[in-house]
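Here's the structure, in structure tokens; my notes come after.
One-based numbering, in listed order, for ligands and for the atoms of each.
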Amino acid sequence: MNDLEQELFGSSDSDSDLELDMDMNSHQLGNSRDLDDNSAEFDPIFQSIMNSHEENERQPPHLPHPYSLNNPGATFTNALIPTFPITNYNSRTLTPKHVPHEAVEGLCLHTNILSEKEQARLMAQITEKNFFKAGQQNQAMCFGQRDLVWLNWLIHGRLFSDTVEDGEGSEKEEAGGGNGVLSEPFCSSSWTTRIPLFDQSIMNLYFPGNGIKPHVDLARFEDGIIIISLLSAINMDFYKALSPMSPHDPPEGTNTSRPPPLQDQRQQEEREPDFTVRLEPGSVLTIQGKARYEWEHGIRETMEDVVDDGGSGGNETVKRKIRVSITLRKMRGSAWEVGGPGGSSDGTVNGVADR
Ligand SMILES: O=C(O)CCC(=O)C(=O)O
Ligand SMILES: [Fe+2]
């Protein structure tokens with residue numbers, strides 16, 4: 001670990017509250033690159049992920065869980081793979097915007113949160129850790145505070161405050177007292193002050209045409225969930241939940257996350273979303289309260305999204321590109337017994353995720 005990493009991440013190996021016996025220990029923070037010093041180093045790693053499926057003419061595997069990412073069988077070609085503008089990262093000149101949804105309590109879209117450079121840094125960390133196994137897997141999970149250490153610079157340096165001293169998020173704010181994503185009134189201090197703030201993450205890799213079925217995140221997770229979008233924009237649809245949840249629902253057992261009843265499944269197929277949110281790269285979506293328990297969110301399996309053309313009242317279709325998301329949550333205390341990595345075969349990095 002170099003000095004900068006030490007400063008950003010602290011000691012990564014020995015100070016964990018949660019000692020987990022997991023495969024993912026081999027993915028502990030080791031030598032994440034610092035893009036500021038040498039952003040060109042980002043390119044080969046990123047390209048190796050993005051090109052690997054092109055070389056192999058291979059698609060991401062189909063994942064059987066009802067809420068897993070779905071691959072509709074589209075063929076990917078070179079033309080769909082974006083070239084990342086590695087030499088051209090913008091430093092932080094963004095004006096963050098925080099827009100609570102007008103009708104759904106607890107849903108807030110935060111745009112212009114991560115600069116290109118910050119997104120590139122996250123991508124470099126993701127590729128460095130090879131979460132997606134060079135593009136062969138489209139989903140990876142981390143459990144435990146220690147395994148989120150690589151995200152500390154983002155969570156504690158960027159999400160509590162929009163005010164940054166040096167363009168790299170070095171300023172810290174008290175939880176709940178800042179003006180950033182994780183601040184009142186967008187997110188309740190009833191969860192943004194909890195310790196640890198997050199102890200579970202899922203990284204999802206979407207190729208054009210991939211989606212995720214509408215779902216309410218599992219009861220095993222506490223209230224207060226965030227989704228960070230990287231690389232390209234996508235439409236996320238919201239549906240009034242067919243089976244709303246409550247914070248008091250018992251956490252699901254390890255492998256008992258049941259598919260919705262048949263009748264619900266039929267209804268699912270015919271459903272139109274109540275509304276759609278465009279998730280831009282560098283944005284963060286925060287979900288709490290009613291938005292977390294009474295609304296389903298999902299991403300359609302389509303090659304293009306219908307997007308408001310911004311002003312004239314019309315719509316345009318925008319082709320999808322590769323997108324990566326990071327979802328951060330905290331497990332409920334009791335959920336560690338039934339759903340945590342200890343007794344679970346899916347409690348490993350690169351496992352298939354429940355929601
Ligand atoms: O990838 C996304 O944006 C959504 C992921 C999600 O809903 C989940 O992991 O539960
Ligand atoms: Fe979700």
Single-linkage hydrophobic cluster Phe186~Leu114, side-chain heavy atoms < 4.5 angstrom:
no
Tell me the angle that NE2 of His215 and NE2 of His297 form around the Fe ion (ligand 2), rounded to 10°.
90°
Whether over 12 other heavy atoms sit under 6.0 Å from Lys240 NZ:
yes
For ligand 1, which part of Asp217 has a heavy atom less than 4.0 Å away: the side chain, the backbone, both, or neither?
side chain
Under 4.0 Å from a heavy atom of Ser325: which atoms of ligand 1 are those, numbered in the order shown and with their elements?
1 (O), 2 (C), 3 (O)
Which of the ligand 1 atoms, numbered from 1, are nearer than 4.0 Å to a heavy atom of Arg329:
10 (O)
For ligand 1, is there an atom lying under 4.0 Å from some heavy atom of Gln139?
no
Taken to the nearest 0.5 Å, the spacing of Asp305 CG from Thr276 OG1 works out to 8.5 Å
Any idea which of Arg323, His297, Gln200 brings a heavy atom closest to atom 7 (O) of ligand 1?
His297
Does Arg146 come within less than 4.0 Å of Asp199, counting only side-chain N to carboxylate O?
no
Can you name the N/O/S atom of Asp217 that is nearest the Fe ion (ligand 2)?
OD1
Can Arg121 be said to sit on top of Trp153's aromatic six-ring, NZ or CZ under 6.0 Å from centre and within 45° of the ring axis?
yes
Apply ring-ring contact (aromatic ring centres under 6.0 Å, His included) to Phe275 and His101, showing your working.
CA-CA 10 Å; Phe275 64 92; His101 192 272; 4.1 Å; yes
